[in-house]
Every structure is written in structure tokens, then in C-alpha cells.
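Before any comments, here is the structure.
All ligand and atom numbering here is 1-based and tracks the order in the structure.
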Amino acid sequence: MRDPGLVRDGAVLVRDGNIIAVGPRRRVTRLSEAPGAKKLDLGGRVVLPGLVDSHTHLVFSASRAAEYEQRIAGSTYEEIARKGGGILSTVRALRRAKPQALKTRVLAALRQFSAHGTTTLEAKSGYGLDIKSELATLRLLNELHQEQPLDIHRTFLGAHAVPPEFHGRADAYVDFLVAKLIPRVALNGLAEFCDVYCDRGAFTVAQARRVLMAGRAFGLVPRLHAEQLARTGATRLAIELDAASADHLEKINPADIRALAASDVVATLLPGCCFHLGIPQYAPARKLLDAGAAVALATDYNPGTSPILSLPMVMSLACTQMRMSPAEAIAASTINPAYSLRRQMHIGSIEVGKFADLAIFDVEDYREIPYYVGVNHCVMTFKRGEVIYSREGT
Ligand SMILES: [Zn+2]
């Protein structure tokens, strides 16, 4: 992760949306296919693989700016949730939302993702929490995956919160997920992954195990929200179930770090969440990296804890707040999340045979991408060889 594999004065040759050559410009331009290709001179800018955002809650119908103000005034996230705010307020809004208005809103967000260099993202359900709204969310994500250029990988997150109709009966809600919703989601091919918000005040490790094992029996690969607010043992569960990813990890302990590093589970860190909530304790990225864990970064784009859709911004936070190097932050936003989405053969690096998913940054040095905090230097984004975003004047 420390070596970004930099090619100076490089070129990429693309055919039918795939990379067929990459390397020094002098070598690539001499290849037999090169003279017939349309040439695009990027003027010495930095070209990265299209960024891969492996943790988002993409589909929601309203911001929670009022709650943001309450938190600034001193209420904690858990206090707000207990008073009916938090995830459940987004659930109420989503259940009432008009489908077309919701789709327009999500499409606008997707355009913002591509404007910041993202070409593939994971998106979770989990603001419906009943059969109708959960299935509608996943169907919308399927539709969007087909209709616009970004690839969207779907995760069923029915176990995000206990809905009002199951208030105080979390186990009964888990029974409902296992018996009713998971089979419907899986048999209709609506998701690839299954996730659980396993934490203090959310679902227990035992409940998460039931949900993820039921999903796995139907072919849904487990992912897990783990050790965000408290150390619960969720990381151990992710390892036990061979999950694709364990996400958050702010409260992970040293023994868990060693176990995670010895496993194939990707450690997905979400520093945007700590930043937005004003929580000083970021996940121990340095310890995870030094132990040898596969670390990924993601935005956790959601209306409550991380309304951030810029992976370059997340890279800045990773560097300054978690002491990741710029090269590590780039690997953690490209190849490692690709691995956690089981798409490492197609995306996440600029290599022959992979999709020509590329993000162009108007900087002279790749380290300037996290360095210039809060400024979007992405000027052009390609998905499978097609320009899907270009800043005017570039
Ligand atoms: Zn999340």
C-alpha cells in the first residue's frame, strides 16, 4: 500500500471500455493499436483508477440538518436517536417519499460522486425496514445501476434499526428478517451483500450472526458495521463468517486488530463519520496497517452521521487524522475497496484487462489530492472508457 506504482509521463490505451495497455507514453504510443486510437492529452495531470466507495447509505429522501444543529448544541447521536430522531426519522421520511422525487435526488447525488472521481459504489438499503420500502429501495438501486454509468453494488441492511412497529422486540424483528425479508431479497436477486448494524444500542452479536447466516444461506455475502460506538465482538463475528468487510472499527482492540490482519476481511474505515460527529477517536488505521490488515476507506454517505460523498475529502481525513500516507489512502480508496466488493479482477487499479475506469485530477503530484483539503481537483471521470464527468473548460 506504500507504493502507488507511479508511472511518470504515462499513457493508457483503451479499447471497448477496457485497458489494453498502460505504461510509459513512449512505449504505449509505439504499440500497433495506438495510431488508430483517439488521443486525449491530459497535460501531465494525475490519473488514478476510478475511486471505489465501498460503504454508502445512498437512498434517503431528506437531510438531517436540524439534528446536526442539535448535536452542535450538545445532544449526542444516541440521545437524538432515543427521542425518535436518528435513523428512524429517515425511515419515516423514506416511507412517505414519492418514488420519482427520491430517484431524482439519488441521481443528483450519483452525479456528485462521479464529479469527485468515484466510478463504483456500494449502496445499502436500511431506511425502509418493512417489506415494501426495503424492496423498493433495492429495486431503485438496481434501476439506477442499469440507467446511469456508475456501477452500484447492492447490500441489504434490513438490520439497520428496529422499526417502530417492532419497538422493544428486536428478536421478533430479526425473526421477520430471517423468515420473510432475506428470502424475498435474495430470491429476487436484489442484493449481493447482507449487512448488520451491530453495536451498542443497535443489534447484538447474536442477532447479527442470525441475520448474516440467514443471508449467507441464500448467497448474500456478509459485511458488518463493527465496533463503532463500543467494542462488541463484531469484528470476531466478521472473521468467523468470512465477511467481505468489517466497517467503522473506532473501538477495535489490539487482539481484534491481530485477528483481522490475519484474515481476508477488509477493514473499512469511515473517518468522515468521526469528523462530522466531532468524535476525536478515529479508527486506529496506523495499527491496522502496521499489523498487515487490508484497509479500505469509504465515505459512509448518509444523512445522519456522514453527509460526505467526496472520497478525496475522506483521503484528506485519513492522512491528517489517522496518519495514513497519501499512497496508502489512494490504495484504500481503489484496489482494497474493490477487493471488499469482490470486483478486484475488474476495477481498483490501472491494469491491462480491467475496466477503463479513471479519475483525472488537476494536480502535479498525487500527494496534492489529500493535501488540498476540501477542494475538488477531479476534472474528468471515465467509466469503461466513456467520459461521465468533465469540468467545464478542461
Ligand atoms: Zn454505515
Just do the side-chain contact (heavy atoms from CB on, under 4.5 Å) check on T305 and D300 with the steps written out, would you?
CA-CA 8 Å; T305 62; D300 193 18; 3.8 Å; yes

Set out, in order, the CA-CA distance, both residues' side-chain angles and the distance that settles ring-ring contact (aromatic ring centres under 6.0 Å, His included) for H377 and Y372, then state yes or no.
CA-CA 8 Å; H377 283 288; Y372 286 118; 5.2 Å; yes

By salt bridge (charged side-chain N to carboxylate O under 4.0 Å, His left out), E79 pairs with (sequence neighbours left out) none

Any ion pair linking R343 and D151 (charged N to carboxylate O, less than 4.0 Å)?
no

Donor-acceptor pairs are to be reported for all side-chain atoms of residues 268-284 against protein atoms at under 3.5 Å, with residues two or more places apart or in another chain.
| from | atom 1 | to | atom 2 | distance (Å) |
| --- | --- | --- | --- | --- |
| T268 | OG1 | S245 | OG | 2.7 |
| H276 | NE2 | R71 | NH2 | 3.3 |
| Q281 | NE2 | E250 | O | 3.2 |

Under the salt bridge (charged side-chain N to carboxylate O under 4.0 Å, His left out) test, residues paired with E227 that sit two or more places apart:
none

Using a cut-off of 2.8 Å, find all protein N, O or S atoms closer to the Zn ion (ligand 1) than that distance.
H55 NE2, H57 NE2, H225 NE2, D300 OD1

